[in-house]
2 protein chains.
Amino acid sequence: MKHFSELSPSAERIVDAAEELIRNVGYNGFSFENIAQMVGVKKPSIHHHFATKVELGVVMVQRYSHRFRQALLHIEGTMSKAPDRLKAYAELFDSTYRQNHAMCVCGMLSAESTSLAELINAEVERFFQINLAWLTEVITQGLTDGSLHSNQTADQLAEIMLALLEGAMVVGRGLKFGRGPRKTVEVFLSTI
Amino acid sequence: MKHFSELSPSAERIVDAAEELIRNVGYNGFSFENIAQMVGVKKPSIHHHFATKVELGVVMVQRYSHRFRQALLHIEGTMSKAPDRLKAYAELFDSTYRQNHAMCVCGMLSAESTSLAELINAEVERFFQINLAWLTEVITQGLTDGSLHSNQTADQLAEIMLALLEGAMVVGRGLKFGRGPRKTVEVFLSTI
DNA sequence: GTCTATACTTGGATAGAC
DNA sequence: GTCTATCCAAGTATAGAC
């Protein structure tokens with residue numbers, strides 16, 4: 001399996017296209033032909049970089065997860081208070097959603113998971129675990145220093161936050177309007 | 001377009017299969033061949049009942065939406081207090097989720113919406129609008145009679161409830177465990 | 001790294017017999 | 001209402017030339 005840090009410029013553009021397609025139409029909704037047209041090459045050129053569609057999917061999620069962790073680190077490095085960190089976290093989802101109501105990559109793959117290869121599902125699971133762990137830590141900090149108040153535990157609140165963000169994207173797509181993930185979470189945060 | 005109230009026994013079983021498949025692998029994840037095997041007929045027999053896959057999808061969502069409204073009526077007829085009604089509502093989603101972490105039909109279709117026919121998307125949108133309207137009414141009642149307390153408006157809380165339920169199913173599928181929609185919503189309700 | 005050509009499979013859909 | 005046979009398009013993937 002190729003590693004996302006060793007991608008050639010062409011391979012990078014292929015992964016870019018795959019990510020955009022998965023966000024919009026899902027793994028089962030795109031073909032190598034779609035990617036070929038977006039990148040400007042022919043179908044077999046994709047196979048030169050990624051042997052199978054599953055491998056392309058795995059590398060794409062791994063890169064996505066890695067970039068997401070970089071974003072989490074950036075939040076930790078630029079904000080100190082739990083409420084600010086949580087709002088910045090919600091903004092990560094919202095910036096994706098604002099692009100034509102695109103989904104979170106792992107939210108989409110999670111919905112499709114029953115029809116996907118186990119290699120892909122494992123990466124998605126890891127993404128959610130990383131996110132829950134990070135949220136739990138931030139919320140614990142907020143409950144401890146008094147910047148957040150709740151009668152619930154940090155890990156329960158973390159799961160609510162994550163479900164709320166993913167769900168707001170799903171519902172927002174179906175409604176064609178809807179508040180979107182950031183505003184939905186802000187309303188929730190103002191209730192606790 | 002056929003109406004779901006006029007389905008023959010065979011057509012009914014085809015819609016049953018389509019619903020189960022969409023809940024588990026999504027619209028783009030199943031084929032007429034899958035349905036044929038589940039029902040125990042050959043592919044062309046499906047076309048005798050539904051001219052196209054889109055028509056099958058539309059009829060399936062219409063039947064699903066109708067049954068969901070029946071369930072909402074049942075809740076209204078058997079429970080009077082807003083908190084009880086909301087918990088019973090969450091249980092509707094949870095009973096689906098407990099079957100192999102299956103998704104809500106419209107949650108799945110909403111995630112896939114960018115790749116679906118407009119006829120299907122319109123039914124999904126209608127489903128969400130019905131749900132939001134019902135939730136808003138129940139929550140308004142609860143806020144008025146004092147059985148619910150919040151500094152937020154009923155329609156904001158309704159959107160949170162719906163997003164939370166759909167999102168808990170998505171995240172729960174990806175994590176392979178996770179609390180599921182009912183417990184997630186109960187935690188939320190105990191915070192307001 | 002990209003191409004043409006092609007193999008093989010599956011998917012949605014139709015024709016026409018029973 | 002269901003079947004066999006078939007069409008055509010699209011999907012993943014491979015072989016081999018440039």
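The sequence lines fix the lettering, A, B, ..., with proteins before strands; numbering per chain opens at 1.
- The residues B/E6 and B/K2 are annotated as not salt-bridged, no charged nitrogen and carboxylate oxygen being separated by less than 4.0 angstrom.
- Rounded to whole angstrom, the span from the NE2 atom of B/H47 across to the P atom of D/dC3 amounts to 13 Å.
- The distance between atom CZ of A/F32 and atom C1' of D/dG11, rounded to the nearest whole Å, is 10 Å.
- Rounded to a whole Å, the NZ atom of A/K42 is 15 Å from the P atom of D/dG11.
- With rounding to whole Å, B/I35 atom CD1 is found 12 Å from C/dG11 atom P.
- Of the side-chain N and O atoms in B/T52, none sit less than 4.0 angstrom from OP1 or OP2 of C/dG12.
- Out of D/dC3, D/dG1, C/dT2, the shortest distance to the side chain of A/H49 is found at C/dT2.
- Between B/R179 and A/D155, at least one side-chain N (NZ, or NE/NH1/NH2) sits under 4.0 Å from a carboxylate O, which counts as a salt bridge.
- Checking the phosphate oxygens (OP1, OP2) of C/dC3, a side-chain nitrogen or oxygen of A/S45 falls inside 4.0 Å.
- With distances taken from any side-chain atom of B/K43 to the nucleotides C/dG11, C/dA5, D/dC3, the minimum falls on C/dG11.
- For B/H48 and D/dT2, the shortest distance from a side-chain N or O to OP1 or OP2 is not below 4.0 Å.
- Taking only side-chain atoms of B/K53, from C-beta outward, the nucleotide of C/dA13, C/dT2, D/dG1 with the closest atom is C/dA13.
- Listed nucleotides C/dT4, C/dG12, D/dG1 differ in distance to A/P44; the shortest reach to its side chain belongs to C/dT4.
- Note: CD1 (A/I46) to C1' (C/dC3) measures 13 Å, nearest angstrom.
- More than 12 heavy atoms of other residues, nucleotides or ligands sit less than 6.0 Å from atom NZ of A/K176.
- A salt bridge is absent between B/E112 and A/R173: the closest approach of a Lys/Arg side-chain nitrogen to an acidic carboxylate oxygen does not fall below 4.0 angstrom.
- Atom CD in A/E12 sits roughly 16 Å away from atom C1' in C/dG1 (whole-Å rounding).
- Residues B/E91 and B/K87 are not paired through a salt bridge, judged by the lack of any N-O separation under 4.0 Å between the basic side chain and the carboxylate.
- Looking at heavy-atom distances under 4.0 Å, A/F30 makes contact with sugar-phosphate atoms alone, never a base.
- What separates NZ of A/K2 from C1' of C/dG1 is a distance of 11 Å, to the nearest Å.
- The nucleotide whose nearest atom lies closest to any side-chain atom of B/S31 is, among C/dG1, C/dG11, D/dC3, C/dG11.
- Rounding to whole angstrom units, OH of residue B/Y27 and P of C/dG12 are separated by 8 Å.
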